[in-house]
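Note sheet for the following structure.
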Amino acid sequence: MSELETPVSGWNKRKVDAFAEGFLEFLTKVKIDSKDKGGGYCLADGLYDAQNYFLSQVFDGLAVDIHDFKVLKSRQLGMSTICRALGVFWWGMFDGVQAAVIYDTASHTAGARLEIEGMIQNLPKGFAFPRIRQSNRDGLLLENGSRAQFMSAGVRQQRSAGVLGRSSGLNFIMGSEMCSWENDEGITSLKSSVSDMFPNRLYLWESTARGPNAWKEMWDEAKLDDLNQRTIFLGWYLKPTQKIAKGTPAYEKYGTPKATDREKARIAEVERRYGWRVTPEQLAWYRRRVDPAATSEDDSPEDPDALQDQPWTEDEAFQMSGSTFFSPDKLSEIINRKATPKFDAYKFWPGTNFTDSAITKATNKREVEVKVWEEPQTDAIYVVSGDVAFGHSDKNDRSAIEVLRCYADQVEQVAEYASATIQPHQFAWLIWTLVGWYGGKSGNTVTIIIELNGPGQAVWREIQSVRELVTKGYLRSDAEERGLLSIFRNVRQYLYSRSDALLPAFNYQWKTNQNLKITIMERLRDFTHQGILDIRSVDVVEEMRCITRDGDTIEAEGSAKDDRVMALAMACEAWDSRVRRALVAGNRTKEADIIARSKTPIAAYQLFTRNTLASFFKIKHQERMLAQRVAARDAWRRRG
């Protein structure tokens, strides 16, 4: 164990191996009261697959000097117990650990403390391990100087909500049931109190999911910060007792029916993402758990609470408690087949006026604001949609822009922007930037739709002001052009070449109310489910997962946001009501566009043939309808 006692700047595989060996020996000495196996049960005698997987992930992370772990779990996997045992051993192995054990309620904290004290007090007398020197209302002090405070997170409404971690520095945290904390101020205070320098620090956060909340935000943040944090998902199938044996009446009822398409897809997804093959016995247990009456069909709505408690994947874990608006299966399909984390990333730098603004390549993840999946093409039709922060809702604090490329039969997301810091006049400048960029190519047309509620009026006035200044005012003179996209030049070129810019045919001033929101959200769902809308943004899909419907209210549940979703719904509304008809009349489908751009004689002939056939069948259909009307009219006359 000398490797553990030697101060080092960081952890490595050698130190992890020594620690793991000592911990596994420690588990053989720990006795607990088990719900499934009774009192005085030796913890090492029957670790669940979930517990073993959790330990392997923590040890793998420590081997590369990662000390912060977010654990998303199903219920009843024994995670609280194994985390407590790991914490006790950690405090005993390293002198002077300053630990906090935090649960959602005082009763849960008291239960955790009782088990932790029991683990230490019931260790064999001959086993060398620091014992409890002092125990009082504030916590425990071990013989090696390590301290453990026991706290409850409380709720946001309590006066003590922000005191977590405020009074002392910490280098060990065991936070449990994060989904129930609902204590944003306390979490922020806690994060600011932890050490990122202490070599033997460890931060364990474990919880089930409960829709969009602070825990979901912590999980998403950890997914992006893979150099310093590790996420661990533990599905319901990682508990060996959660199965029904073959040959039993219960298996006959729940295990013999063939797997549905939904179940097949889930089994395949679990194996692809986590390397675990769900057995028929496990599937039978799951069916009995979520549908004891065995009456549900493959396409029937599922209980969101059941998915939260017993999720197959981390995406399912964060199901909404309300009625999910978009199909989870469809969104998963989009994530797997269409949406992509690959894009060109830009940062918008607003200056003191429009001509000082610039857009540059983002140099790190924090700078990413404008995401571009496809640069402007020639002879293309676009919609630019802008929803300013606090426009359609007081809870939405980000301004969002969506850019769609339009066809008669399809729309494609080509660019996106979202930020909580941009001002309304700067937002107008960025809209003009994207309009100028996508409208500046030969033959291109751009339709703008702007939310006018809240600060939206200020955005619209600035859009009009910039147009006047560029075409008639002092900005007509030479101006400094900076940034990758040459903002001023693009907008000036667009406004000069499109004298009809901002005329009613090419702008859509939109005011959201409850009825209109229902309309555009329903259409957005239709386009999404039918595959008419080609979504590239992973962020949009994640927002769509959080949208629920309660009567006539369609919005993001809890603390989740729907800024991007609303901007996307507005963009689809502009395409459907203002742009699509002309594209249909001109037969400007996506397939026709692809063939036309290939510029080969064969492709041109194929396009001509298809158009000719389409016209032929259309004429024949009209002739048949006319003949039917004439026949019906003659029959009516003969009857008279």
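Position 1 is the first residue of the sequence, and the numbers go up from there.
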Using the test side-chain hydrogen bond (donor to acceptor under 3.5 Å, both in side chains), find all partners of D534 that sit at least two apart in sequence or belong to another chain.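 If we apply the side-chain hydrogen bond (donor to acceptor under 3.5 Å, both in side chains) test to D534, skipping adjacent residues, there are no hits.
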Who pairs with W219 by side-chain hydrogen bond (donor to acceptor under 3.5 Å, both in side chains), at least two apart in sequence or on another chain?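 None.
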Would you give me the side-chain donor-acceptor pairs under 3.5 Å for residues 570-577, sequence neighbours excluded?
from: E573; atom 1: OE2; to: Y508; atom 2: OH; distance (Å): 2.8
from: E573; atom 1: OE2; to: S577; atom 2: OG; distance (Å): 3.2
from: W575; atom 1: NE1; to: Y407; atom 2: O; distance (Å): 2.9
from: D576; atom 1: OD1; to: R580; atom 2: NH1; distance (Å): 3.4
from: D576; atom 1: OD2; to: R523; atom 2: NE; distance (Å): 3.4
from: D576; atom 1: OD2; to: R523; atom 2: NH2; distance (Å): 3.0
from: S577; atom 1: OG; to: E573; atom 2: O; distance (Å): 2.7

Are [X] and [Y] ion-paired here, with the side-chain N under 4.0 Å from a carboxylate O?
{"X": "R230", "Y": "D226", "result": "no"}
{"X": "K561", "Y": "D539", "result": "no"}
{"X": "E314", "Y": "K73", "result": "no"}
{"X": "R564", "Y": "D562", "result": "no"}
{"X": "R266", "Y": "E316", "result": "yes"}
{"X": "E451", "Y": "K511", "result": "no"}
{"X": "E543", "Y": "R398", "result": "yes"}

Checking K347 against W349: charged group under 6.0 Å from the ring centre and within 45 degrees of the axis?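 The answer is yes, since K347 meets both limits relative to W349.
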R536 charged N/C atom sitting above F343 aromatic ring, 6.0 Å / 45°: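 Not flagged: R536 not positioned over aromatic ring of F343.
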Strictly by modelled atom types, are [X] and [Y] linked by a side-chain donor-acceptor pair under 3.5 Å?
{"X": "Q377", "Y": "K441", "result": "no"}
{"X": "Q413", "Y": "W373", "result": "no"}
{"X": "Q530", "Y": "D526", "result": "no"}

Are any non-hydrogen side-chain atoms of [X] and [Y] less than 4.5 angstrom apart?
{"X": "K371", "Y": "Y346", "value": "no"}
{"X": "L524", "Y": "L533", "value": "yes"}
{"X": "V565", "Y": "M521", "value": "yes"}

Do E416 and S537 pass the side chain to side chain donor-acceptor pair (under 3.5 Å) test, and can you show the C-alpha distance, the side-chain angles, and the key distance before you say yes or no? CA-CA 8 Å; E416 177 181 86; S537 169; 2.9 Å; yes
Decide yes or no on side chain to side chain donor-acceptor pair (under 3.5 Å) for W510 and T512, but give the supporting numbers first. CA-CA 6 Å; W510 178 266; T512 304; 2.9 Å; yes
First locate atom OH of Y274, then atom CD of E269, and finally report the distance between them rounded to the nearest 0.5 Å.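 So the gap between those two atoms works out to 7.5 Å.
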